[in-house]
Amino acid sequence: MIDIKNLNLKQIRDGLQNKSFKAIELTETYLNEIDKAKALNAFITVTPDKAISMAKESDNRISKNESRNLEGIPLSIKDLYCTKNVRTTAGSKILKNFIPTYESTITNNLWSDGCVMLGKLNNDEFAMGSSNETSYFGPSINPWKRKNDDMPLVPGGSSGGSAVAVSGSLSAATTATDTGGSIRQPASFTGTVGMKATYGRCSRWGVVAFASSLDQAGPITKTVVDSAIMLKSMAGYDVKDSTSIDLSVPDYETNINKNIKGKRIGIPGEYKIKGLDADIEKNWEDGISWLKSEGAEIIDISLPHTKYALPAYYIIAPAEASSNLARYDGVRYGERVHRKDLDEMYSDSRSDGFGEEVRRRILMGTYVLSAGYYDAYYLKAQKTRKLISNDFDNAFNTVDAIMTPTTPTTAFNIGKKFDDPVTMYLNDMLTVPVNMAGLPAISIPSGLDKDGLPMGLQLIGKRFGEDDLFSIGSVIEDCRGTFPNPAQWWIEK
Ligand code: GLN
(Lines give C-alpha, C1' and ligand atoms only; values in the text may rest on other atoms or scores of the structure.)
Protein backbone atom coordinates (compact mmCIF):
# COMPACT_ATOMS: atom_id res chain seq x y z
CA MET A 1 0.00 0.00 0.00
CA ILE A 2 1.41 3.41 -0.94
CA ASP A 3 1.10 6.01 1.83
CA ILE A 4 -0.37 8.74 -0.38
CA LYS A 5 -1.36 10.85 2.61
CA ASN A 6 2.29 11.70 3.14
CA LEU A 7 3.30 12.09 -0.49
CA ASN A 8 3.36 15.34 -2.38
CA LEU A 9 3.43 15.71 -6.15
CA LYS A 10 7.21 16.09 -6.37
CA GLN A 11 7.74 12.92 -4.33
CA ILE A 12 5.26 11.13 -6.55
CA ARG A 13 7.08 12.29 -9.67
CA ASP A 14 10.37 11.06 -8.20
CA GLY A 15 8.86 7.79 -6.96
CA LEU A 16 7.48 7.00 -10.42
CA GLN A 17 10.80 7.79 -12.09
CA ASN A 18 12.82 5.68 -9.56
CA LYS A 19 10.25 2.93 -10.03
CA SER A 20 9.43 2.86 -6.28
CA PHE A 21 5.84 2.32 -7.40
CA LYS A 22 3.89 2.10 -10.64
CA ALA A 23 1.39 4.60 -11.98
CA ILE A 24 -1.28 1.92 -11.92
CA GLU A 25 -0.72 1.12 -8.22
CA LEU A 26 -0.79 4.79 -7.40
CA THR A 27 -3.93 5.39 -9.42
CA GLU A 28 -5.72 2.45 -7.81
CA THR A 29 -4.73 3.71 -4.36
CA TYR A 30 -6.19 7.14 -5.11
CA LEU A 31 -9.38 5.69 -6.59
CA ASN A 32 -9.76 3.62 -3.45
CA GLU A 33 -9.32 6.68 -1.20
CA ILE A 34 -11.81 8.63 -3.32
CA ASP A 35 -14.28 5.81 -2.88
CA LYS A 36 -13.86 5.94 0.91
CA ALA A 37 -14.28 9.73 0.99
CA LYS A 38 -17.84 10.02 -0.32
CA ALA A 39 -18.75 12.00 2.82
CA LEU A 40 -16.53 14.86 1.57
CA ASN A 41 -18.49 15.13 -1.70
CA ALA A 42 -15.36 16.40 -3.44
CA PHE A 43 -16.10 14.77 -6.80
CA ILE A 44 -18.99 15.27 -9.18
CA THR A 45 -17.70 12.58 -11.55
CA VAL A 46 -15.02 9.94 -10.95
CA THR A 47 -13.42 8.51 -14.11
CA PRO A 48 -11.85 5.20 -13.03
CA ASP A 49 -11.72 3.60 -16.50
CA LYS A 50 -10.01 6.60 -18.00
CA ALA A 51 -7.62 6.81 -15.03
CA ILE A 52 -6.60 3.18 -15.35
CA SER A 53 -6.02 3.31 -19.08
CA MET A 54 -3.99 6.53 -18.77
CA ALA A 55 -1.94 5.00 -15.91
CA LYS A 56 -1.21 1.90 -17.99
CA GLU A 57 0.04 4.04 -20.82
CA SER A 58 2.27 5.92 -18.38
CA ASP A 59 3.75 2.71 -16.97
CA ASN A 60 4.42 1.59 -20.48
CA ARG A 61 6.24 4.81 -21.31
CA ILE A 62 8.21 4.77 -18.04
CA SER A 63 9.39 1.23 -18.74
CA LYS A 64 10.57 2.29 -22.21
CA ASN A 65 12.27 5.44 -20.82
CA GLU A 66 9.89 7.60 -22.80
CA SER A 67 8.52 9.57 -19.86
CA ARG A 68 7.00 12.98 -20.39
CA ASN A 69 7.44 15.72 -17.72
CA LEU A 70 4.69 14.59 -15.36
CA GLU A 71 4.36 10.98 -16.44
CA GLY A 72 1.86 8.94 -14.43
CA ILE A 73 0.88 11.60 -11.88
CA PRO A 74 -2.81 11.30 -10.95
CA LEU A 75 -4.72 14.60 -10.83
CA SER A 76 -8.29 15.80 -10.58
CA ILE A 77 -9.91 18.65 -12.45
CA LYS A 78 -12.35 21.33 -11.37
CA ASP A 79 -15.63 20.67 -13.15
CA LEU A 80 -15.40 24.04 -14.87
CA TYR A 81 -12.74 22.74 -17.29
CA CYS A 82 -14.18 21.06 -20.35
CA THR A 83 -12.92 17.52 -20.75
CA LYS A 84 -13.55 15.71 -24.00
CA ASN A 85 -16.18 12.97 -23.70
CA VAL A 86 -16.30 13.44 -19.92
CA ARG A 87 -19.30 15.17 -18.38
CA THR A 88 -18.59 18.81 -17.44
CA THR A 89 -21.27 20.42 -15.29
CA ALA A 90 -19.83 23.69 -13.88
CA GLY A 91 -21.73 22.62 -10.74
CA SER A 92 -25.01 23.52 -12.47
CA LYS A 93 -28.25 21.71 -13.13
CA ILE A 94 -28.39 23.32 -16.57
CA LEU A 95 -25.21 21.46 -17.59
CA LYS A 96 -25.84 18.29 -15.63
CA ASN A 97 -25.67 16.14 -18.77
CA PHE A 98 -23.25 18.23 -20.84
CA ILE A 99 -20.51 16.16 -22.49
CA PRO A 100 -17.99 18.38 -24.29
CA THR A 101 -16.59 17.31 -27.63
CA TYR A 102 -13.37 19.20 -26.92
CA GLU A 103 -10.67 19.45 -24.27
CA SER A 104 -9.67 22.68 -22.52
CA THR A 105 -6.17 23.89 -23.38
CA ILE A 106 -4.98 23.58 -19.78
CA THR A 107 -6.13 20.01 -19.27
CA ASN A 108 -4.77 19.16 -22.69
CA ASN A 109 -1.39 20.52 -21.54
CA LEU A 110 -1.52 18.34 -18.42
CA TRP A 111 -2.42 15.17 -20.36
CA SER A 112 0.29 15.92 -22.93
CA ASP A 113 2.75 15.99 -20.03
CA GLY A 114 1.59 12.52 -18.97
CA CYS A 115 -0.81 13.24 -16.09
CA VAL A 116 -3.61 10.80 -15.29
CA MET A 117 -7.19 12.02 -14.74
CA LEU A 118 -9.01 10.69 -11.66
CA GLY A 119 -12.18 12.73 -12.08
CA LYS A 120 -14.02 16.06 -12.00
CA LEU A 121 -14.32 18.15 -8.86
CA ASN A 122 -17.22 19.86 -7.16
CA ASN A 123 -17.50 23.66 -7.27
CA ASP A 124 -19.97 26.46 -6.69
CA GLU A 125 -22.40 26.79 -9.59
CA PHE A 126 -20.58 28.55 -12.44
CA ALA A 127 -17.88 29.37 -9.85
CA MET A 128 -20.17 31.83 -8.06
CA GLY A 129 -19.69 31.44 -4.34
CA SER A 130 -17.27 31.24 -1.44
CA SER A 131 -18.40 28.07 0.28
CA ASN A 132 -19.19 25.45 -2.38
CA GLU A 133 -22.79 25.55 -1.16
CA THR A 134 -24.25 26.84 -4.45
CA SER A 135 -23.30 23.63 -6.28
CA TYR A 136 -26.28 21.76 -7.70
CA PHE A 137 -24.48 18.59 -6.55
CA GLY A 138 -24.49 19.62 -2.87
CA PRO A 139 -21.71 21.16 -0.82
CA SER A 140 -18.25 19.70 -0.61
CA ILE A 141 -17.16 19.31 3.03
CA ASN A 142 -13.92 20.57 4.58
CA PRO A 143 -11.68 17.71 5.80
CA TRP A 144 -10.78 19.91 8.78
CA LYS A 145 -12.98 20.23 11.88
CA ARG A 146 -12.73 22.50 14.89
CA LYS A 147 -11.20 20.98 18.02
CA ASN A 148 -13.92 19.30 20.09
CA ASP A 149 -16.64 20.24 17.62
CA ASP A 150 -18.19 17.91 15.12
CA MET A 151 -19.97 20.53 12.99
CA PRO A 152 -19.18 20.19 9.27
CA LEU A 153 -17.31 23.19 7.85
CA VAL A 154 -17.27 24.68 4.37
CA PRO A 155 -14.06 24.21 2.38
CA GLY A 156 -14.43 27.65 0.81
CA GLY A 157 -15.29 28.21 -2.80
CA SER A 158 -15.74 28.20 -5.58
CA SER A 159 -12.93 25.63 -6.01
CA GLY A 160 -14.09 23.77 -2.88
CA GLY A 161 -13.76 20.28 -4.34
CA SER A 162 -10.27 21.09 -5.65
CA ALA A 163 -9.13 22.13 -2.18
CA VAL A 164 -10.83 19.21 -0.41
CA ALA A 165 -9.28 16.67 -2.79
CA VAL A 166 -5.75 17.90 -2.00
CA SER A 167 -6.31 18.45 1.71
CA GLY A 168 -7.97 15.04 2.09
CA SER A 169 -5.18 13.38 0.03
CA LEU A 170 -7.58 12.27 -2.71
CA SER A 171 -5.28 13.84 -5.36
CA ALA A 172 -1.73 15.14 -5.16
CA ALA A 173 -2.78 18.23 -7.08
CA THR A 174 -5.87 19.69 -8.69
CA THR A 175 -6.77 22.43 -11.12
CA ALA A 176 -8.88 25.37 -9.98
CA THR A 177 -10.02 28.81 -11.17
CA ASP A 178 -10.08 32.19 -9.49
CA THR A 179 -12.30 35.13 -10.48
CA GLY A 180 -12.34 36.86 -7.09
CA GLY A 181 -10.56 34.46 -4.78
CA SER A 182 -11.80 31.00 -5.66
CA ILE A 183 -8.36 29.38 -5.62
CA ARG A 184 -6.81 31.22 -2.68
CA GLN A 185 -9.76 31.30 -0.27
CA PRO A 186 -10.45 27.52 -0.37
CA ALA A 187 -6.69 26.87 -0.19
CA SER A 188 -6.55 28.98 2.95
CA PHE A 189 -9.57 27.19 4.49
CA THR A 190 -8.08 23.72 3.90
CA GLY A 191 -4.36 24.12 4.59
CA THR A 192 -3.32 23.84 0.94
CA VAL A 193 -1.30 25.99 -1.48
CA GLY A 194 -3.41 27.87 -4.03
CA MET A 195 -1.87 29.88 -6.85
CA LYS A 196 -3.76 32.26 -9.13
CA ALA A 197 -1.55 33.11 -12.07
CA THR A 198 -1.27 36.51 -13.77
CA TYR A 199 -4.24 37.25 -16.04
CA GLY A 200 -3.21 35.91 -19.44
CA ARG A 201 -0.66 33.39 -18.11
CA CYS A 202 -2.95 30.35 -18.54
CA SER A 203 -5.34 29.89 -21.41
CA ARG A 204 -9.03 30.23 -20.59
CA TRP A 205 -9.99 28.27 -23.70
CA GLY A 206 -12.40 25.50 -22.78
CA VAL A 207 -12.88 26.74 -19.22
CA VAL A 208 -16.55 27.59 -18.63
CA ALA A 209 -16.65 31.39 -18.46
CA PHE A 210 -17.86 33.30 -15.39
CA ALA A 211 -16.39 36.84 -15.73
CA SER A 212 -13.94 36.74 -18.59
CA SER A 213 -11.82 39.78 -17.68
CA LEU A 214 -11.23 38.37 -14.18
CA ASP A 215 -11.17 34.56 -14.61
CA GLN A 216 -7.77 32.95 -14.33
CA ALA A 217 -6.62 29.41 -13.68
CA GLY A 218 -4.10 27.91 -11.31
CA PRO A 219 -3.31 24.80 -9.27
CA ILE A 220 -4.07 23.72 -5.69
CA THR A 221 -1.32 21.55 -4.19
CA LYS A 222 0.23 20.45 -0.90
CA THR A 223 3.46 22.41 -1.31
CA VAL A 224 4.86 25.47 -3.05
CA VAL A 225 7.23 23.39 -5.19
CA ASP A 226 4.27 21.29 -6.34
CA SER A 227 2.48 24.49 -7.29
CA ALA A 228 5.49 25.57 -9.38
CA ILE A 229 5.59 22.17 -11.11
CA MET A 230 1.87 22.29 -11.91
CA LEU A 231 1.82 25.87 -13.16
CA LYS A 232 4.69 25.18 -15.55
CA SER A 233 2.60 22.51 -17.24
CA MET A 234 -0.68 24.45 -17.18
CA ALA A 235 0.60 27.84 -18.37
CA GLY A 236 1.44 29.08 -21.85
CA TYR A 237 0.34 31.08 -24.81
CA ASP A 238 -2.67 29.83 -26.71
CA VAL A 239 -3.84 31.19 -30.04
CA LYS A 240 -7.35 30.13 -29.07
CA ASP A 241 -7.48 32.64 -26.18
CA SER A 242 -7.01 36.20 -27.41
CA THR A 243 -6.23 37.34 -23.84
CA SER A 244 -3.44 34.82 -23.29
CA ILE A 245 0.00 36.38 -23.42
CA ASP A 246 2.77 35.26 -25.74
CA LEU A 247 5.55 35.04 -23.19
CA SER A 248 7.69 31.96 -22.55
CA VAL A 249 6.93 30.04 -19.36
CA PRO A 250 9.86 30.04 -16.92
CA ASP A 251 11.00 26.86 -15.22
CA TYR A 252 9.33 27.90 -11.97
CA GLU A 253 10.61 24.87 -10.05
CA THR A 254 14.33 25.40 -10.72
CA ASN A 255 13.96 29.17 -10.39
CA ILE A 256 12.92 28.88 -6.73
CA ASN A 257 15.55 30.83 -4.81
CA LYS A 258 15.24 30.79 -1.05
CA ASN A 259 17.76 33.55 -0.61
CA ILE A 260 15.40 36.47 -0.11
CA LYS A 261 17.95 38.83 1.42
CA GLY A 262 17.10 42.35 0.39
CA LYS A 263 13.70 41.45 -1.09
CA ARG A 264 11.25 44.25 -0.33
CA ILE A 265 7.92 43.04 1.03
CA GLY A 266 5.01 45.48 1.19
CA ILE A 267 2.46 45.40 4.02
CA PRO A 268 -0.69 47.33 3.01
CA GLY A 269 -2.31 49.15 5.93
CA GLU A 270 -5.73 48.98 4.24
CA TYR A 271 -5.80 45.18 4.64
CA LYS A 272 -6.03 45.52 8.45
CA ILE A 273 -9.79 45.49 8.08
CA LYS A 274 -12.46 45.42 10.73
CA GLY A 275 -13.52 41.82 11.16
CA LEU A 276 -10.05 40.35 10.72
CA ASP A 277 -9.76 37.45 13.20
CA ALA A 278 -7.28 38.15 16.00
CA ASP A 279 -5.45 34.87 15.29
CA ILE A 280 -5.16 35.79 11.63
CA GLU A 281 -3.74 39.19 12.47
CA LYS A 282 -1.22 37.54 14.79
CA ASN A 283 -0.32 35.04 12.07
CA TRP A 284 0.30 37.93 9.65
CA GLU A 285 2.76 39.36 12.21
CA ASP A 286 4.45 35.96 12.45
CA GLY A 287 4.81 35.99 8.68
CA ILE A 288 6.42 39.41 8.84
CA SER A 289 8.97 38.25 11.42
CA TRP A 290 9.77 35.10 9.42
CA LEU A 291 10.58 37.11 6.31
CA LYS A 292 12.51 39.69 8.32
CA SER A 293 14.62 36.96 9.92
CA GLU A 294 15.47 35.71 6.42
CA GLY A 295 16.78 39.14 5.47
CA ALA A 296 13.78 40.63 3.65
CA GLU A 297 12.99 44.29 4.08
CA ILE A 298 9.47 44.98 5.34
CA ILE A 299 7.92 48.17 3.98
CA ASP A 300 4.57 49.70 4.97
CA ILE A 301 2.61 50.57 1.84
CA SER A 302 -0.77 52.04 1.01
CA LEU A 303 -3.32 50.71 -1.48
CA PRO A 304 -5.87 53.49 -0.96
CA HIS A 305 -8.68 52.20 -3.18
CA THR A 306 -8.82 48.75 -1.56
CA LYS A 307 -12.23 49.33 0.04
CA TYR A 308 -13.84 49.93 -3.35
CA ALA A 309 -12.61 46.66 -4.82
CA LEU A 310 -15.40 44.45 -3.53
CA PRO A 311 -18.33 46.72 -4.52
CA ALA A 312 -16.81 47.31 -7.95
CA TYR A 313 -16.21 43.56 -8.36
CA TYR A 314 -19.88 42.89 -7.61
CA ILE A 315 -20.79 45.12 -10.55
CA ILE A 316 -18.20 43.96 -13.07
CA ALA A 317 -18.35 40.22 -12.34
CA PRO A 318 -22.16 39.94 -12.57
CA ALA A 319 -22.18 42.18 -15.69
CA GLU A 320 -19.81 39.85 -17.49
CA ALA A 321 -21.54 36.77 -16.09
CA SER A 322 -24.93 37.93 -17.36
CA SER A 323 -23.49 38.17 -20.83
CA ASN A 324 -21.56 34.88 -20.65
CA LEU A 325 -24.57 32.97 -19.33
CA ALA A 326 -26.86 34.17 -22.11
CA ARG A 327 -25.73 31.16 -24.15
CA TYR A 328 -27.57 28.75 -21.84
CA ASP A 329 -30.97 29.09 -23.44
CA GLY A 330 -32.15 25.50 -23.65
CA VAL A 331 -31.32 25.41 -27.36
CA ARG A 332 -27.59 25.30 -27.93
CA TYR A 333 -26.35 24.04 -24.57
CA GLY A 334 -27.76 22.36 -21.57
CA GLU A 335 -31.11 21.26 -20.30
CA ARG A 336 -34.36 22.32 -21.93
CA VAL A 337 -37.77 22.63 -20.34
CA HIS A 338 -40.19 21.82 -23.17
CA ARG A 339 -42.88 24.43 -23.77
CA LYS A 340 -45.06 25.19 -26.80
CA ASP A 341 -44.24 28.88 -26.67
CA LEU A 342 -40.63 29.85 -27.54
CA ASP A 343 -40.28 32.62 -24.94
CA GLU A 344 -41.68 30.33 -22.26
CA MET A 345 -39.22 27.64 -23.29
CA TYR A 346 -36.31 30.07 -22.83
CA SER A 347 -37.43 31.48 -19.53
CA ASP A 348 -38.53 28.18 -18.00
CA SER A 349 -35.32 26.44 -19.10
CA ARG A 350 -33.26 29.18 -17.49
CA SER A 351 -35.24 29.50 -14.29
CA ASP A 352 -35.26 25.76 -13.82
CA GLY A 353 -31.61 25.24 -14.81
CA PHE A 354 -29.94 28.02 -12.81
CA GLY A 355 -29.76 28.15 -9.03
CA GLU A 356 -30.64 31.16 -6.89
CA GLU A 357 -27.17 32.74 -6.68
CA VAL A 358 -26.66 32.50 -10.44
CA ARG A 359 -30.05 34.08 -11.10
CA ARG A 360 -29.23 36.85 -8.62
CA ARG A 361 -26.01 37.60 -10.52
CA ILE A 362 -27.79 37.61 -13.90
CA LEU A 363 -30.33 40.08 -12.55
CA MET A 364 -27.63 42.34 -11.07
CA GLY A 365 -25.56 42.08 -14.23
CA THR A 366 -28.31 42.94 -16.68
CA TYR A 367 -29.42 45.79 -14.42
CA VAL A 368 -25.97 47.47 -14.24
CA LEU A 369 -25.57 47.08 -18.02
CA SER A 370 -28.98 48.48 -18.86
CA ALA A 371 -29.11 51.73 -20.84
CA GLY A 372 -30.19 53.95 -17.95
CA TYR A 373 -27.68 52.61 -15.43
CA TYR A 374 -24.62 51.74 -17.50
CA ASP A 375 -22.76 54.98 -16.74
CA ALA A 376 -23.77 55.12 -13.10
CA TYR A 377 -22.70 51.57 -12.28
CA TYR A 378 -20.75 49.68 -14.91
CA LEU A 379 -18.64 52.54 -16.22
CA LYS A 380 -17.97 53.81 -12.71
CA ALA A 381 -16.88 50.34 -11.61
CA GLN A 382 -14.50 50.12 -14.57
CA LYS A 383 -12.94 53.45 -13.59
CA THR A 384 -12.60 52.24 -10.01
CA ARG A 385 -10.93 49.11 -11.29
CA LYS A 386 -8.30 51.22 -13.00
CA LEU A 387 -7.60 53.10 -9.76
CA ILE A 388 -7.17 49.82 -7.90
CA SER A 389 -4.75 48.62 -10.54
CA ASN A 390 -2.82 51.92 -10.35
CA ASP A 391 -2.49 51.49 -6.57
CA PHE A 392 -0.67 48.21 -7.14
CA ASP A 393 1.51 49.66 -9.91
CA ASN A 394 2.58 52.45 -7.56
CA ALA A 395 3.32 50.00 -4.75
CA PHE A 396 5.44 47.84 -7.04
CA ASN A 397 7.71 50.81 -7.67
CA THR A 398 9.00 50.26 -4.15
CA VAL A 399 8.35 46.61 -3.29
CA ASP A 400 8.92 43.20 -4.93
CA ALA A 401 5.86 41.51 -3.42
CA ILE A 402 3.01 42.22 -1.03
CA MET A 403 2.01 40.04 1.93
CA THR A 404 -1.47 39.96 3.49
CA PRO A 405 -3.74 37.37 5.09
CA THR A 406 -5.75 35.44 2.46
CA THR A 407 -9.08 35.60 4.29
CA PRO A 408 -10.52 37.58 7.21
CA THR A 409 -11.68 34.39 8.99
CA THR A 410 -11.02 30.66 8.97
CA ALA A 411 -13.55 28.09 7.68
CA PHE A 412 -17.13 28.55 8.89
CA ASN A 413 -20.04 26.17 9.50
CA ILE A 414 -22.07 24.89 6.58
CA GLY A 415 -25.22 27.01 6.33
CA LYS A 416 -23.87 29.90 8.44
CA LYS A 417 -23.67 32.51 5.65
CA PHE A 418 -25.70 30.85 2.94
CA ASP A 419 -28.82 32.99 3.32
CA ASP A 420 -26.91 36.25 3.60
CA PRO A 421 -25.21 36.98 0.27
CA VAL A 422 -23.51 40.18 1.42
CA THR A 423 -21.82 38.48 4.39
CA MET A 424 -20.78 35.71 2.02
CA TYR A 425 -19.30 38.25 -0.41
CA LEU A 426 -17.16 39.74 2.39
CA ASN A 427 -15.07 36.55 2.37
CA ASP A 428 -13.30 37.85 -0.71
CA MET A 429 -12.32 41.29 0.62
CA LEU A 430 -8.63 40.47 0.63
CA THR A 431 -8.49 38.45 -2.58
CA VAL A 432 -10.70 40.40 -5.02
CA PRO A 433 -8.36 43.42 -5.54
CA VAL A 434 -5.77 41.09 -7.10
CA ASN A 435 -8.23 39.93 -9.77
CA MET A 436 -9.26 43.51 -10.50
CA ALA A 437 -5.60 44.27 -11.26
CA GLY A 438 -4.89 40.96 -13.05
CA LEU A 439 -1.94 40.16 -10.77
CA PRO A 440 -0.60 36.78 -9.61
CA ALA A 441 -1.10 35.73 -5.99
CA ILE A 442 -0.54 32.63 -3.91
CA SER A 443 -1.98 31.46 -0.59
CA ILE A 444 0.34 29.45 1.65
CA PRO A 445 -0.77 27.55 4.75
CA SER A 446 0.81 29.49 7.59
CA GLY A 447 -0.56 28.09 10.83
CA LEU A 448 -3.59 26.91 12.78
CA ASP A 449 -5.93 29.18 14.73
CA LYS A 450 -7.08 28.58 18.32
CA ASP A 451 -9.69 26.10 17.08
CA GLY A 452 -7.09 24.14 15.14
CA LEU A 453 -8.22 25.40 11.71
CA PRO A 454 -5.81 26.31 8.89
CA MET A 455 -4.93 29.93 8.15
CA GLY A 456 -3.23 31.20 4.99
CA LEU A 457 -0.93 34.05 4.05
CA GLN A 458 -1.34 35.65 0.64
CA LEU A 459 1.61 36.87 -1.43
CA ILE A 460 0.76 39.21 -4.30
CA GLY A 461 3.27 39.67 -7.12
CA LYS A 462 4.03 41.90 -10.04
CA ARG A 463 2.50 40.98 -13.38
CA PHE A 464 4.26 37.72 -14.41
CA GLY A 465 6.13 37.77 -11.09
CA GLU A 466 5.12 34.18 -10.23
CA ASP A 467 8.80 33.24 -9.72
CA ASP A 468 9.10 35.65 -6.81
CA LEU A 469 5.95 34.28 -5.21
CA PHE A 470 7.23 30.71 -5.36
CA SER A 471 10.57 31.79 -3.85
CA ILE A 472 9.12 33.84 -0.99
CA GLY A 473 6.35 31.26 -0.53
CA SER A 474 8.94 28.49 -0.05
CA VAL A 475 10.60 30.56 2.65
CA ILE A 476 7.28 30.99 4.46
CA GLU A 477 6.77 27.24 4.22
CA ASP A 478 10.22 26.54 5.72
CA CYS A 479 9.79 29.04 8.55
CA ARG A 480 6.35 27.68 9.37
CA GLY A 481 7.57 24.05 9.60
CA THR A 482 5.69 20.86 8.78
CA PHE A 483 1.97 21.37 8.22
CA PRO A 484 -0.27 18.60 9.62
CA ASN A 485 -2.83 16.58 7.66
CA PRO A 486 -6.44 16.68 8.88
CA ALA A 487 -7.67 13.63 10.84
CA GLN A 488 -9.39 11.25 8.39
CA TRP A 489 -12.79 11.20 10.14
CA TRP A 490 -14.52 10.35 6.85
CA ILE A 491 -12.98 6.89 6.70
CA GLU A 492 -15.20 4.45 8.53
CA LYS A 493 -13.24 2.19 10.82
N1 GLN B 1 -16.61 34.32 -4.21
C2 GLN B 1 -16.47 35.17 -5.35
C3 GLN B 1 -17.75 35.18 -6.14
O4 GLN B 1 -18.66 34.56 -5.72
C5 GLN B 1 -15.33 34.70 -6.21
C6 GLN B 1 -15.63 33.50 -6.98
C7 GLN B 1 -14.51 33.06 -7.87
O8 GLN B 1 -13.36 33.48 -7.70
N9 GLN B 1 -14.85 32.24 -8.84
O10 GLN B 1 -17.86 35.79 -7.15
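Remember, it's 1-based here, ligands and their atoms both numbered in the order they're listed.
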* Return each pair, listed once, that meets salt bridge (Lys or Arg N to Asp or Glu O under 4.0 Å) where at least one residue sits in residues 116-144; pairs must be two or more places apart or across chains. => Asp79-Lys120
* **ligand 1: protein residues within heavy-atom distance under 4.0 Å** => Ala127, Met128, Gly129, Ser130, Ser158, Asp178, Thr179, Gly180, Gly181, Ser182, Phe210, Tyr313, Tyr314, Arg361, Asp428
* With sequence neighbours excluded, tell me which residues meet side chain to side chain contact (heavy atoms under 4.5 Å, CB included) with Ala317. => Phe210, Ala211, Leu214, Tyr313
* Candidates Asn41, Leu40, Val46 - the one meeting side-chain contact (heavy atoms from CB on, under 4.5 Å) with Phe43 -> Val46
* To do: Keeping to residues at least two apart or across chains, list the side-chain hydrogen bond (donor to acceptor under 3.5 Å, both in side chains) pairs with something in residues 439-449.
  => Asn283-Ser446, Thr406-Ser443, Thr410-Asp449
* Describe, in one word, how the ring planes of Phe396 and Phe392 are oriented to each other, choosing from parallel (under 30°), tilted (30 to 60°) and perpendicular (over 60°). => parallel
* Asked: Can Arg360 and Glu357 be said to form a salt bridge (Lys or Arg N to Asp or Glu O under 4.0 Å), step by step?
  -> CA-CA 5 Å; Arg360 177 162 31 240; Glu357 183 60 30; 2.8 Å; yes
